[in-house]
Number of protein chains: 2
Amino acid sequence: MLARYSQIKLAILEQIEAGDMRPGDRVPSENQLTEEFGVSRMTARRALTELVDEGILMRSQGIGTFVSDDRPMSSMLTIRSIHDEITQRGHQHSCQVIQLAEVKACHQMSIWMSVTEGDSLYHSQIVHFENGKAIQFEDRFVNPLLAPAYLQQNFLTITPNQYLNKVAPLTEADHVIEAMLPAMDVAQKLDIAVSQPCLKISRRTFSAQGVVSYAQLYHPGHRYRLGGHLDF
Amino acid sequence: MLARYSQIKLAILEQIEAGDMRPGDRVPSENQLTEEFGVSRMTARRALTELVDEGILMRSQGIGTFVSDDRPMSSMLTIRSIHDEITQRGHQHSCQVIQLAEVKACHQMSIWMSVTEGDSLYHSQIVHFENGKAIQFEDRFVNPLLAPAYLQQNFLTITPNQYLNKVAPLTEADHVIEAMLPAMDVAQKLDIAVSQPCLKISRRTFSAQGVVSYAQLYHPGHRYRLGGHLDF
DNA sequence: TGTATGTACTTGTATATACAAGTTGTTTGA
DNA sequence: TCAAACAACTTGTATATACAAGTACATACA
């Protein structure tokens, strides 16, 4: 059962999606939504406020709330399997599983993955190679409830990403990209010096049921770049 | 007169800024804030909710609200002025113009900017500061035909990005992100050691008339991260 | 000892209400 | 005619309240 403010959000989004409301059009005022949906003004307000925060709507005091302009905003990072990425370049992909085990969630991890501290998590560490050279060290935690057979997978034939996308299709993701010096063990796994900068991507992926996985991906700075293209 | 929920937000931000609360620390619960500031729970809640939306705090039902990792994040999906990015975090932006001149296009640059080798280009070098700390070294080449008054701008009041977007609205962009060690002169401008990794973004921006600008943006790895969110 | 239960906390959702503040159009009055 | 005042709308801020849902810990019980 969805929260009522979520239902109102969906109703508005559907109308925009269907073209019933176009950019610049006025959406019902808080009071109109209050009557239409039989909720209090604060609930209607919450729906509008969140849509404004998400960039879908714009509002001005005294005037009203409106559908904002279309922002096509193609995402610059599509989430692709490292395997596809490498083979698409015509190169050979191989990988080595370093660890595959069940662990207990520490405090930090429990917050990131929205589980209780001490809950079971699956943990995998895999190094990916492109033409024999290490190109990614993947340190990943997985929610066992959403991917119960994770530990039984043969990651030499299917990447974690591919598997997770199969059992719990992605609906959302957020990620952070940073430049850093690798810890000693990371440097060793990537076969680089500790003074070689790394590109690190920390990514949480969501399915409809919640956080599926938290992955930290380390790439040797001199062997890997991220590219993207934006249209406006 | 600031709204009370804004005052509470500021109070919390100041404590984080001052180091009284560090990443992972617990912030007062809604009820504690209610007593401490003499406001209703909904008002305290609004302060926390907005800080969560801004990525400053994280919260879990039944557990509490915590300070999240405090390094600045910028959305990687949109091209924004570094000035907006910094002021939106409530921080102070300043910058220093190192160079502003007309140069001849070298071979490499002529290809990147789709001009003839030897053609005139405008070249600027600017260091941007967040609360006095260098956060971006911007090395930019501009097509004079599309932004003829570029050299006359006062970049202390308008960033190159803002100006270019005004005279030649962006239609497209592509960029490459990489981790690297800074050259000596870059390290010096960012006031970091040459052994400190940098996040480098190389970006070409297009308007309807063609390539407007080619920029190389260097950020200290330990002071800057790129963040993004994807929906499917 | 181990398990269930209760309690006290946390955040999440929802309502009803009040007044402030900004905008627009109409009406009133000089 | 023109300008001030007003009314009717909008969103913005703030309170008091209630219950739901998730977590943690102590306590009671078998």
Side-chain angles (χ1 to χ4, degrees), chain A residues 1-12 21 24-68 104-121 143 145-146 209-211, chain B residues 1-12 21 24-68:
Chain A
M1 183 58 181
L2 269 178
R4 323 240 328 221
Y5 74 88
S6 292
Q7 294 175 25
I8 299 176
K9 282 176 70 176
L10 276 180
I12 294 172
M21 292 194 296
D25 282 0
R26 176 177 216 146
V27 303
S29 74
E30 296 171 359
N31 286 322
Q32 287 170 331
L33 289 175
T34 293
E35 282 203 11
E36 185 178 336
F37 288 89
V39 297
S40 76
R41 187 189 148 209
M42 294 307 280
T43 301
R45 178 176 178 74
R46 176 164 181 181
L48 292 181
T49 300
E50 292 197 1
L51 287 172
V52 168
D53 287 344
E54 291 165 21
I56 314 286
L57 304 179
M58 301 181 301
R59 58 195 343 200
S60 303
Q61 186 174 1
I63 305 201
T65 307
F66 306 87
V67 180
S68 36
K104 299 290 174 200
C106 67
H107 178 66
Q108 192 58 260
M109 202 51 66
S110 71
I111 293 176
W112 278 331
M113 297 203 56
S114 300
V115 298
T116 306
E117 193 172 345
D119 274 8
S120 248
L121 288 178
N143 187 336
L145 301 175
L146 301 180
Q209 288 82 38
V211 179
Chain B
M1 183 58 182
L2 269 177
R4 323 235 338 218
Y5 75 88
S6 291
Q7 294 174 26
I8 299 176
K9 282 176 70 176
L10 276 180
I12 293 172
M21 292 194 298
D25 282 0
R26 177 180 215 144
V27 303
S29 74
E30 297 171 357
N31 285 322
Q32 286 170 332
L33 289 175
T34 293
E35 282 204 10
E36 187 177 335
F37 287 91
V39 298
S40 77
R41 187 189 147 208
M42 294 307 279
T43 301
R45 178 176 178 74
R46 176 164 182 182
L48 292 182
T49 299
E50 293 198 358
L51 288 172
V52 168
D53 288 344
E54 292 165 20
I56 314 286
L57 304 179
M58 299 181 301
R59 58 192 348 197
S60 304
Q61 185 174 1
I63 305 204
T65 308
F66 305 86
V67 179
S68 48

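All figures in this text were calculated on a predicted structure; none of them were measured in a lab. Chain A is the first sequence line, chain B the second, and so forth, proteins listed ahead of strands; every chain is numbered from 1.
- The shortest distance between the side-chain N/O atoms of T65(A) and the OP1/OP2 oxygens of dT11(D) is below 4.0 Å.
- Distance, M42(A) CE to dT11(D) P: 13 Å, rounded to whole Å.
- In this structure, S40(A) does not reach the dA14(C) phosphate: none of its side-chain N or O atoms is under 4.0 Å from OP1 or OP2.
- Here the side chain of R26(A) pairs a donor or acceptor atom with the backbone of I63(A) at under 3.5 angstrom.
- At dT15(C), none of the side-chain N or O atoms of R41(A) fall inside 4.0 Å of OP1 or OP2 (strictly under the cut-off).
- Contact annotation for R4(A): backbone-only contact, meaning every heavy-atom pair under 4.0 Å involves sugar-phosphate atoms and none involves a base.
- When each of T43(A), V39(A), I8(A), V27(A) is paired with L33(A), the side chain to side chain contact (heavy atoms under 4.5 Å, CB included) condition holds for I8(A) and for no other.
- We find that CD of E35(A) is positioned 15 Å from C1' of dA16(C), with the value rounded to whole Å.
- When the nearest nucleotides of DNA chain C are assigned to G64(B) and A44(A) by heavy-atom distance, the more 5′-ward of the two goes with G64(B).
- Comparing atom distances between the A3(B) side chain and each of dT11(C), dA14(D), dT10(C) picks out dA14(D) as nearest.
- In this structure, CZ of F37(B) is placed 17 Å from C1' of dT13(D), rounded to the nearest angstrom.
- In terms of polar N and O atoms assigned as donor or acceptor, the side chain of R59(B) never comes within less than 3.5 Å of the base of dG12(C) in a complementary pairing.
- Put simply, the side chain of Q32(A) gets close to the backbone of S29(A): a donor and an acceptor are under 3.5 Å apart.
- When rounded to the nearest whole Å, the span between CD of Q61(A) and P of dT11(D) equals 10 Å.
- At a threshold of 4.5 Å between non-hydrogen side-chain atoms, the residues L51(A) and I12(A) count as touching.
- Within the 4.0 angstrom heavy-atom criterion, only backbone atoms of the sugar-phosphate kind lie near R46(B); the bases stay farther away.
- Look at CZ on F66(A): it is 9 Å from C1' on dT10(D), rounded to the nearest Å.
- Counting heavy atoms from C-beta outward, M58(B) and V52(B) have side chains that stay 4.5 Å or more apart.
- For E36(B), the CD atom is densely surrounded, since the number of other residues' heavy atoms within 6.0 Å is greater than 12.
- One axis for each end of the helix from dT1(C)-dA30(D) to dA30(C)-dT1(D), each built from five base pairs, and the angle between them comes to 10° at 10° resolution.
- Using a cutoff of 4.0 Å between basic side-chain nitrogens and carboxylate oxygens, R46(B) and E30(B) are not scored as salt-bridged.
- Nucleotide dG22(C) holds its C1' atom 17 Å from the CE atom of M58(A), rounded to whole Å.
- If you take CZ of R45(A) and C1' of dT11(D), they are 6 Å apart, rounded to a whole angstrom.
- Under the 3.5 Å distance criterion, the side-chain polar atoms of T49(B) are matched with a main-chain donor or acceptor of R45(B).
- When the C1' atom of dC19(C) is taken as reference, atom CG of N31(A) falls 14 Å away, rounded to whole Å.
- Checking dT10(D), dT23(C), dA24(D) against every side-chain atom of I63(B), the shortest atom distance belongs to dA24(D).
- Side-chain N/O atoms of T43(A) include none lying less than 4.0 angstrom from OP1 or OP2 on dA14(C).
- In the set dA20(C), dT13(C), dA21(D), the nucleotide with an atom closest to the side chain of Y5(A) is dT13(C).
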